[in-house]
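Heads up, the thing below is written out as structure tokens.
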Amino acid sequence: MTTKQIRDTFGDIADGEVTTQRHSLAGRVMLLRRQGKVAFAELRDQHGAIQLFARSNDLERFDAFGDLNLGDWIGARGFVGKTKKGELSLFIDSFVLLARAQRSFGDKWHGISDVDTRYRQRYVDLWANPETRVALTRRFRMVSKMRRYLEDLNFIEVETPLLHPIAGGALAKPFITHHNSLDMELYLRIAPELYLKRLIVGGFDKVFEIGRVFRNEGISPRHNPEFTMLELYEAYADYQDMMTLTENLVAYLVFDAFGTTKISYQDREIDFTTPWRRATLEDLTSESLGYEISLETPIEKLKEIADGLGIVGDSKWGSGKYLLEIYERTTESSLWDPVFVMDFPREVSPLSRDHRSKADRVERFEAIVAGRELANAFSELNDPIEQRRRFAHQVELAQGGDDEAMNMDEDYIRALEYGLPPTGGLGIGIDRLAMLLCDASQIREVIAFPALRKETL
RNA sequence: GCCCUCCUGGCGCAAUGGUUAGCGCAACGGACUUUUAAUCCGGCGGUUCUGGGUUCGAGUCCCAGGGGGGGCACCA
């Protein structure tokens, strides 16, 4: 049995009562109190902890029991009961040492607080600091629920390559590796996007992938070089459908974790109740600047505003890039409750479809929560000629020194030439979402083994 | 990449530039038949991250290096 099963089954027996039911448990000794001819221990397993009660009369190897180290793994057998003080316990008559703990698990009251130890030796942290287990458990449950939710909507979970001959699907610096027998450079994927859309071309209507992506960038409280993304694609859908899906999915996950859609994050309330606010990037930026700004604002004026904000521009930047930079600098971090920021400039969205009614914009949104991007989605560009044009522009940027610009992907264009149906696509940062659900200020709190510098032992 | 800051027994902490670097927990030895961070007694455990420097004297001040953390920039 587990400690939780014991608790659930025998939680309400009377104080001092010992049942005739013999059960066995396995776990780790986290606390040991010897008291002459009796001893108490706290046995912890994955689901909780329960007290072991040993008497020298009942337990043959009583002295050996008292000699256990904190951290030792044992199996114990005995009768379930409650002590006089009302503590549910296993009154043991036998135990077996399963594995010795030769190292200490830290201060039994203060746990481990050294952050370096916490992240480097997560196995210690998980025992010493129960909050760590709570956070990771919540994250793993969230991912599981997300899978089930999407499967219930008839999405199929798929797998696509992590090793890409061309790093595409996002604007980011890739990690480079090398395949020996093919003697070719390969890139750890920065996004699964282009492969997933190839599957749509191949006839899968609704696909998703939850997987790791790798970006060769700095490490920060909000960035780990490898992180987990959900990407999904739905044929015959557009970015409006993706908004509905996003808010419903996220609200569902929040409700599953908290029983409500209003949660506290870093001492501030976030209301995930649907529908979420929808507003254009231009309106939101105008709102926070206090005056009108748009893609039609003369570029000289945009440059002037950007200058005033300390944004260092580039001769290759058009109005769209300036507008995006101004938005990110002035607006994004101030958006708290969930909001769909809609209709991005085409210039900064090389894979998005042109807006059905607005010139120079695309049908793309980012969902912002607590000042951070949670999701990015668009109506997918399915015109191979336009896609080639957009890639060509990216290649120009790359040649101009932009190491995050995209490369020409001829096979992807070839796929589009076979016909990509109108498709809506969505990407959600799993780690970021987990941070919200775990009230974590640091991405490392929701990653079991976050990236660190190499340790010299 | 830039700025600020931290590093003391296994763990958590302490020590106006001044003897032999203290304390709690853990570990070790002992007492105790219903404890809840049990309690009590005993002994043990540290080249204060590394290397230089200032000083009569450095855990403490200065410089360099290593490893953390926070913030900025970039990104998700």
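Predicted model only: the values in this text are computed from it and were never measured. Lettering of chains follows the sequences in order, A, B, ..., and the numbering in each one begins at 1.
- When ring centroids are compared, Phe65(A) and Phe95(A) come within the 6.0 Å threshold.
- Residue contacts shown for Glu42(A) are absent, as no nucleic acid heavy atom lies under 4.0 Å away.
- Between the side chains of Tyr239(A) and Glu380(A), no donor N or O sits under 3.5 Å from an acceptor N or O.
- Distance CD1 (Ile311(A)) to P (rC74(B)): 8 Å, rounded to an integer number of Å.
- Computed from coordinates, the Glu328(A) CD to rC72(B) C1' distance equals 16 Å when rounded to whole Å.
- For Asp107(A), the side-chain atoms get nearest to rG12(B) when compared with the rest of rG12(B), rU36(B), rU34(B).
- Pair assignment for rA76(B): none, as no Watson-Crick or G-U wobble contacts are both less than 3.5 Å.
- Among the atoms of the strands shown, none is found under 4.0 Å from any heavy atom of Arg118(A).
- Nucleotides rA14(B) and rC7(B) have their P atoms positioned 9 Å apart, rounded to a whole Å.
- In this structure, Leu324(A) atom CG and rA76(B) atom C1' are separated by 13 Å, rounded to whole Å.
- Projected onto RNA chain B by closest heavy-atom contact, Trp109(A) and Ile443(A) fall at different nucleotides, the more 5' of which corresponds to Trp109(A).
- Across rU34(B), rA76(B), rC32(B), the shortest atom-to-atom separation from the side chain of Arg34(A) is found for rC32(B).
- In this structure, the ring of Phe10(A) has its center less than 6.0 angstrom from the ring center of His23(A).
- Nearest to the side-chain atoms of Ser220(A) among the listed nucleotides rC32(B), rG24(B), rA73(B) stands rA73(B).
- Across the C1' atoms, rA31(B) and rA38(B) are found 14 Å apart, a figure rounded to whole Å.
- Remark: Lys108(A) is in phosphate contact with rA38(B), judged by side-chain N or O atoms under 4.0 Å from OP1 or OP2.
- Listed candidates were rC25(B), rA38(B), rU34(B). Nearest to the side chain of Leu31(A) is rA38(B).
- Pairing of rC2(B), defined by two Watson-Crick or G-U wobble distances under 3.5 Å, is identified with rG71(B).
- Residue side chain Phe227(A) meets the stacking definition with respect to rA76(B): its ring centre sits within less than 5.5 angstrom of the base's six-membered ring centre, and the planes differ by less than 30 degrees.
- Atom P of rG68(B) sits at a distance of 22 Å from the matching atom of rU60(B), rounded to the whole Å.
- If you measure from atom CG of Asn216(A) to atom P of rG1(B), you get 12 Å, rounded to the nearest angstrom.
- With distances taken from any side-chain atom of Thr83(A) to the nucleotides rA73(B), rU36(B), rU33(B), the minimum falls on rU36(B).
- Backbone-only engagement by Gly106(A) is indicated by non-hydrogen atom pairs under 4.0 Å involving sugar-phosphate atoms exclusively.
- For the pair Leu309(A) CG and rA73(B) C1', the interatomic distance rounds to 15 Å; values are reported in whole Å.
- Contact check, Arg33(A) against rA26(B): no side-chain N or O comes under 4.0 Å of OP1 or OP2.
- Checked options Phe214(A), Tyr195(A), Tyr412(A), Phe175(A); the residue passing with His164(A) is Tyr195(A) (criterion: ring pair (Phe, Tyr, Trp, His ring centres under 6.0 Å)).
- Side chain to side chain, Asn407(A) and Gln394(A) fail the donor-acceptor criterion of an N or O pair below 3.5 Å.
- Using a 4.0 Å cut-off between charged nitrogen and carboxylate oxygen, Arg361(A) and Glu282(A) count as a salt-bridge pair.
- Minimum atom distance to the side chain of Val115(A) is reached by rG68(B), of the listed rG68(B), rC11(B), rA76(B).
- Of the candidate nucleotides rA76(B), rU33(B), rC74(B), rU33(B) has the atom nearest to the side chain of Asn57(A).
- Spacing of P atoms, rU33(B) relative to rG46(B), comes out at 36 Å, to the nearest Å.
- Between Asp125(A) and Arg133(A), none of the side-chain N atoms (NZ, or NE/NH1/NH2) sits under 4.0 Å from a carboxylate O, so this pair counts as no salt bridge.
- Here the separation of rU8(B) from rU34(B), taken at their C1' atoms, is 40 Å to the nearest Å.
- What separates CG of Asn129(A) from C1' of rA37(B) is a distance of 15 Å, to the nearest Å.
- The CD1 atom of Ile112(A) sits 17 Å away from the P atom of rG68(B) (whole-angstrom rounding).
- Between the C1' atom of rA27(B) and the CG atom of Leu68(A) lies a distance of 14 Å, rounded to the nearest Å.
- Here rG57(B) sits opposite no nucleotide as a Watson-Crick or G-U wobble pair (both hydrogen-bonding atom distances under 3.5 Å).
- Note on Gly427(A): nothing from the nucleic acid sits closer than 4.0 angstrom, heavy atoms only.
- Nearest to the side chain of Glu373(A), among rG12(B), rA76(B), rU34(B), sits rA76(B).
- Within the structure, a side-chain polar atom (N or O) of Arg120(A) is placed less than 4.0 Å from OP1 or OP2 of rG68(B).
- The nucleotide whose nearest atom lies closest to any side-chain atom of Leu70(A) is, among rU33(B), rG12(B), rA26(B), rA26(B).
- Remark: Ser113(A) is in phosphate contact with rC13(B), judged by side-chain N or O atoms under 4.0 Å from OP1 or OP2.
- Side-chain polar atoms of Tyr233(A) and Glu231(A) form a donor-acceptor pair below 3.5 angstrom.
- Distance check on atom P: rC61(B) versus rC25(B) gives 30 Å, rounded to whole Å.
- Distance noted for atom C1' between rG9(B) and rG51(B): 23 Å (whole Å).
- A distance of about 14 Å separates the P atoms of rU47(B) and rG22(B), rounded to the whole Å.
- Within the shown strands, rC49(B) is the pairing partner of rG65(B) under the Watson-Crick or G-U definition, both distances less than 3.5 Å.
- Between Tyr265(A) and Trp336(A), the angle of the ring planes lies from 30° to 60°, which puts this pair in the tilted group.
- Between Asn69(A) and Phe40(A), the residue anchored nearer the 5' end of RNA chain B, judged by the nucleotide with its closest heavy atom, is Asn69(A).
- For rA21(B), there is no paired nucleotide, since no Watson-Crick or G-U wobble pair has both relevant distances below 3.5 Å.
- Using a 4.0 Å heavy-atom distance criterion, Phe105(A) is classed as making no nucleic acid contact.
- Comparing atom distances between the Ser104(A) side chain and each of rG10(B), rG71(B), rA76(B) picks out rG10(B) as nearest.
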